[in-house]
Amino acid sequence: MIRLHVTNDLSVAAPVAPTLDQSRYLTQVMRLKTGDALLIFNGRDGEWRAEVAEVLKKGVILKAVEQVRPQATTPDLELIVAVVKKARVETIVEKATELGARRVRLALTQRTNADRLRLDRLDAIAEEAAEQTGRMDVPLIDDPVKLETILDGWEDGRRLMFCDETGGAPTVEALSAVGSGPWAILIGPEGGFSPEEGERLRALPFATRVSLGPRILRADTAAIAAMTLWQAAVGDWER
Ligand code: SAH
C-alpha cells in the first residue's frame, strides 16, 4: 500500500492536499483513480487510511477515512554528523531515517571539506525514507552549523555519544550504563576531529566517548553502526 507524508491535519473525512509532485506520483506513476486507497501520515495525528477523492488538473485531493495507527512516541535521538561528500550525506540521511533518528544536524568541523549540499534534496530523501520505512514522522534536517556552535548551545539533559576512533569505551556497555533518554550521536569528518576538537569533546560532561571497533569506518558506515548500537542498547528495539 502506498504511504504518503502530508502536511494537513488529519481527522475523519478531512480533505488532504498532497503537493503537485506527490499528486503526479499518485496518478501518473502509481495510476491511482478516484476511490483508491492509500496510507497517509503528518507526523502528528498517526497513520490514516485515505482515499482519492478527486483528481484535478492542479493536483489530487485525498480524504482521510480512519486512523489505523496512533502517533507513536519514538526515542529522542539526534544524529550530528560532520559534512562529508554529498553522496555520503545523502546515504546518512536515508539510513538515519530508517534507523529512527528524529533529527539530523550537519556540523562544520575544522577538517570538513564542505561539499555543496542541497537541503531540499535531503528533505525529500528523508520524506521518502520515512514513507517506505513505516515511521509516522519525518526527521528534521538542519542546515550546516559549526560544531562549536552546536556544543555552545547544548540542550540540558541531552547526552552525547561521541564516536572516537582514537579510543573510547565499548559502546553497548557504555550506553547501557548511562541509560535511555535524550541522546545525540556525533560522527566526525573523513579527516577526523582536529586535536583541539578532540580535546573539547573529551572534556564535555555530557559526553560518552565510545569506540565502534578496531577498524576505522567511513562516516556513513560509522553513522549506521552507531545508530544500530544505540538502538540496541538504549533505543526501542526491545519494545
Ligand atoms: N581520523 C580518521 C578517520 C575518521 S572516520 C582518519 O582520517 O584516519 C570519520 C568518523 O567516523 C570519525 O570522526 C568517528 O566519529 C567515526 N568513526 C570511524 N571509525 C570509528 C571507530 N572505529 N570508532 C569510533 N568512531 C569511529
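Numbers here simply count residues along the sequence, with the first being 1. Quick caveat, the model's predicted, so the values are computed rather than measured. Order of appearance sets the numbers: ligands from 1, and atoms from 1 within every ligand.
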F193/F162 aromatic ring centres below 6.0 Å: yes
So, K95 and D220, do they make that salt bridge, N to O below 4.0 Å? no
Pairs of nitrogen or oxygen atoms, one from ligand 1 and one from the protein, closer than 3.5 Å: please tabulate them with distances.
| from | atom 1 | to | atom 2 | distance (Å) |
| --- | --- | --- | --- | --- |
| ligand 1 | 1 (N) | E165 | OE2 | 2.6 |
| ligand 1 | 7 (O) | E190 | O | 3.0 |
| ligand 1 | 13 (O) | G188 | N | 3.3 |
| ligand 1 | 15 (O) | C163 | O | 2.7 |
| ligand 1 | 15 (O) | G188 | N | 3.0 |
| ligand 1 | 19 (N) | L217 | N | 2.9 |
| ligand 1 | 22 (N) | G213 | O | 2.9 |
| ligand 1 | 22 (N) | R215 | O | 2.8 |
| ligand 1 | 23 (N) | L212 | N | 2.8 |
| ligand 1 | 25 (N) | D164 | N | 3.4 |

Tell me yes or no: between the side chains of E127 and H5, is some donor less than 3.5 Å from an acceptor? yes
Should the heavy atoms of other residues, nucleotides or ligands under 6.0 Å from CD of E66 be counted, would the total exceed 12? yes
For A222, the side-chain contact (heavy atoms from CB on, under 4.5 Å) test, sequence neighbours excluded, returns I187, L212, L217
A cation-pi test, strictly: NZ or CZ of R3 under 6.0 Å from the centre of the six-membered ring of F41 and no more than 45 degrees from its axis. Yes or no? yes
